[in-house]
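Just so we're on the same page: letters track the sequence lines, and every chain starts at 1.
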Amino acid sequence: MPSLNPRQAEAVEHTGGPLLVIAGAGSGKTRVITRKIAHLIRAHGVPAHAIVALTFTNKAAREMKARVGTLLKGGSGRGLKVSTFHTFGLNLLRREVEGAGLRLGFSLFDAEDAATVLKEHLREHALADAVTPAAALARISRWKNDLMEPARAASTADDDFEAMLADLYGRYQQSLTAYNACDFDDLIARPVRLLRDDRDARERWQNRIRHLLVDEYQDTNGAQYELVRLLVGPRGAFTVVGDDDQSIYAWRGARPDNLARLRDHYPTLRVVMLEQNYRSSARILKLANGLIGHNPHLFDKRLWCDLGPGEPARVLVCRDEAHEAERVAAEIQHTHLTKDRPYGSIAILYRSNHQARPFEQALRALSVPYFLSGGTSFFARAEVKDVMAYLRLLANPADDAAFLRVVNVPRREIGPTTLQRLAAFAAEGELPLAAACADPLLGEHLPKRQLGRLAELAGLLAEQRSQAQAAANPVAAVRALVERIDYAGWCRDNAPSRAAAERRMDNVADLLDWLERLHREAAADAAKDAGSAAGTRLSDLVARLTLLDVLERQDEAEGGDRVHLMTLHAAKGLEFPHVYLVGMEEALLPHRSSLEEAEDAAARPETVADTDTGADTGADTGAGQTGIQEERRLCYVGITRARQSLTFTRARRRRRYGETVTCEPSRFLAELPAAELHQPDSTQRSDAEARAHGSAQLAALKGLFTDR
DNA sequence: TTCTGTTCTGTTTTT
DNA sequence: CAGAACAGAA
């Protein structure tokens, strides 16, 4: 095992008080975190279960746990708590249910469920034209991340529109309470409120945790900052690791200034900077430094490395997106065949998911194995959500969002009119929809036939619920349910093709396997943790499943030797020997929305001053530059994923909304130090290329086949 | 209530 | 251009 450099060692050994590690890209922060956990356990005798490490993705959590496990061979790492913020919040809520204003078996709403609830409210108040559910949800999410209750949001709203949204926020929150549900943001905000208001609970949690570690700290939002502060307590035994240059989640509420804020709250905070890069060649690092030098900084750090200079990076200028993809694919295949370059050592990184398509096609045409991450999430698939909704309904009869999803799946001939009447009746009696179905008084509002159908559904749900609760293994009961509603039959009748139907059923089978696996894990946990009642089991499994995502599934397919395709966001935390950073164009890499934002800000120079922290960073940020700065960091993240070789590509034209548009090179290309760049293409070919453009397809095909 | 053809809308990034 | 939402017919 390589030894630590002095800075890394300092970070590992400083256990006396609060510590902030500013870890540059590729500076070995993972090693520092894992070594530090091992150090706490071995040298300081801290029991593993008193150490909590928080991450942002399940994958990061799993990896960290595995690494600590190998470091501590004797099993002294058993009981170590490594989880994502959200999973941690979920577990806390389960233990403190009533304090958090929930009942056991509560549902976890994802963005789609939340949107359904909001849509209903918007329709009710004839506001459907004023806001989209997604936009309203984004605003509500920001309020929640700033720990603002609906009442305060309403009182601080400075125009009618905001006031309307604040009102909507209040209604939305009421609905969640009625449904015994919470959303993703609540998994953080509710624990914060609880720990803040309930001194007993606060002290209990603070005593349980001897040391708290947070990875990717620059991604924390306002609520997460508070959560960390409350968990850590006055003792302030924590280690947070982050890099302001890799802050790429401001759009979902991340506040990179949380890094700087720590100094005010913890006067004894020690700051350690890791500036030696162990990943990339000197040229790649120079490019990265050159680019990020255009941004203002919270912390002044200079990355250096003593690896060799490496190959120069290239910029490939392509005709259009198909050409771009074909060139990259052909080159990948070529280097694989001639230079023995494993496919698994190569990544294609892009700004947004839809850019993946041409690359998929090109790679497939050459039979190059690839692995696509992101896209439509497994858990976003209709069939998976259907079954999940049934599960939620079994665990939590009050979950109206789930009820609405499954009420007519499979077909039960219950239409909008019937539902409307049912909803009205339920609202009047303040009943959940599922309970209203079985209510004796419902008969007064509905014709017999519809009534019978609803009663039948209610009966089915009640019966399956008691079975699931009685069974030692609720998954078996779930399988029985899927059988009973003949979901397979519904897929067959409903899918566009036979193959699609089979795919759907495969996904359902996968889902059930996941449930089984989680159940086994939970059962193992429950052995030492007597507190889990039988009724909570299923709901817990479902909630965990909601927090899981594609990345989890990927591991199964990840095995083989495949080219990785992913967004820049998904690439954070990873590294590849060879990286293609594609689509280096204005409106694509500084994304269109960030450009528009900058334009807006320039058009009205009196930007509304953000009434927040007051923690002045001293960075001179030009009007509307923040979005572009984040795009620049995104580009920086992409560059710093590369170990040995880096290739940028851009297209001159691109099809967009079915039309062909010309594309300008990204400003970030111009910001890179030219000395480190090699542009094999002469730019004067544009005439010939313009002529060739008409027969682009033919040319592309020729290119494909002459290469073999 | 469901099916089917039609219009229209849209492309950040995700726990 | 492609999927989703929608409106009208059976």
### Message
Under the criterion of centre distance below 5.5 Å and interplanar angle below 30°, is A:H569 classified as stacked on the base of B:dT13?
### Response
no
Whole angstroms only, please: what is the [atom1]-[atom2] distance between [X] and [N]?
{"X": "A:I188", "N": "B:dT15", "atom1": "CD1", "atom2": "P", "value": "13 Å"}
{"X": "A:K144", "N": "B:dT14", "atom1": "NZ", "atom2": "C1'", "value": "17 Å"}
{"X": "A:W251", "N": "B:dT11", "atom1": "CH2", "atom2": "P", "value": "14 Å"}
{"X": "A:N353", "N": "B:dG10", "atom1": "CG", "atom2": "P", "value": "18 Å"}

Identify which nucleotide among [options] has an atom closest to any side-chain atom of [X], counting heavy atoms from C-beta outward.
{"X": "A:F184", "options": "B:dT1, B:dT15, B:dT13", "result": "B:dT15"}
{"X": "A:R655", "options": "C:dG3, B:dT12, C:dC1", "result": "C:dC1"}
{"X": "A:H591", "options": "B:dT14, B:dT11, B:dT15", "result": "B:dT11"}
{"X": "A:R656", "options": "B:dT14, B:dT11, C:dG3", "result": "B:dT11"}

#### Entry: Ring centres under 6.0 angstrom apart (A:Y172, A:H121)
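Ring centres of A:H121 and A:Y172 not closer than 6.0 Å.
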### Query
What nucleic acid atoms does A:T418 come within less than 4.0 Å of, heavy atoms only: base, sugar-phosphate, or nothing?
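The residue A:T418 makes sugar-phosphate contact but no base contact.
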### Query
Of A:E630 and A:Q450, whose closest DNA chain B nucleotide lies nearer the 5' terminus?
A:Q450
### Message
Given the ring of A:Y636, does A:R633 sit roughly above its face, with NZ or CZ under 6.0 Å from the centre of the six-membered ring and within 45° of the axis?
### Response
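Relative to the ring axis of A:Y636, which defines the angle, A:R633 lies outside at least one limit.
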### Message
Taking the basic N atoms (NZ, or NE/NH1/NH2) and the acidic carboxylate oxygens, is any pair closer than 4.0 Å for A:E321 and A:R655?
### Response
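Salt bridge flag = no for A:R655 with A:E321.
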### Query
For the base of B:dT13, is there a side-chain donor-acceptor partner from A:T567 under 3.5 Å away?
no
### Between C:dA5 and B:dT12 - C1' atom distance, rounded Å
22 Å
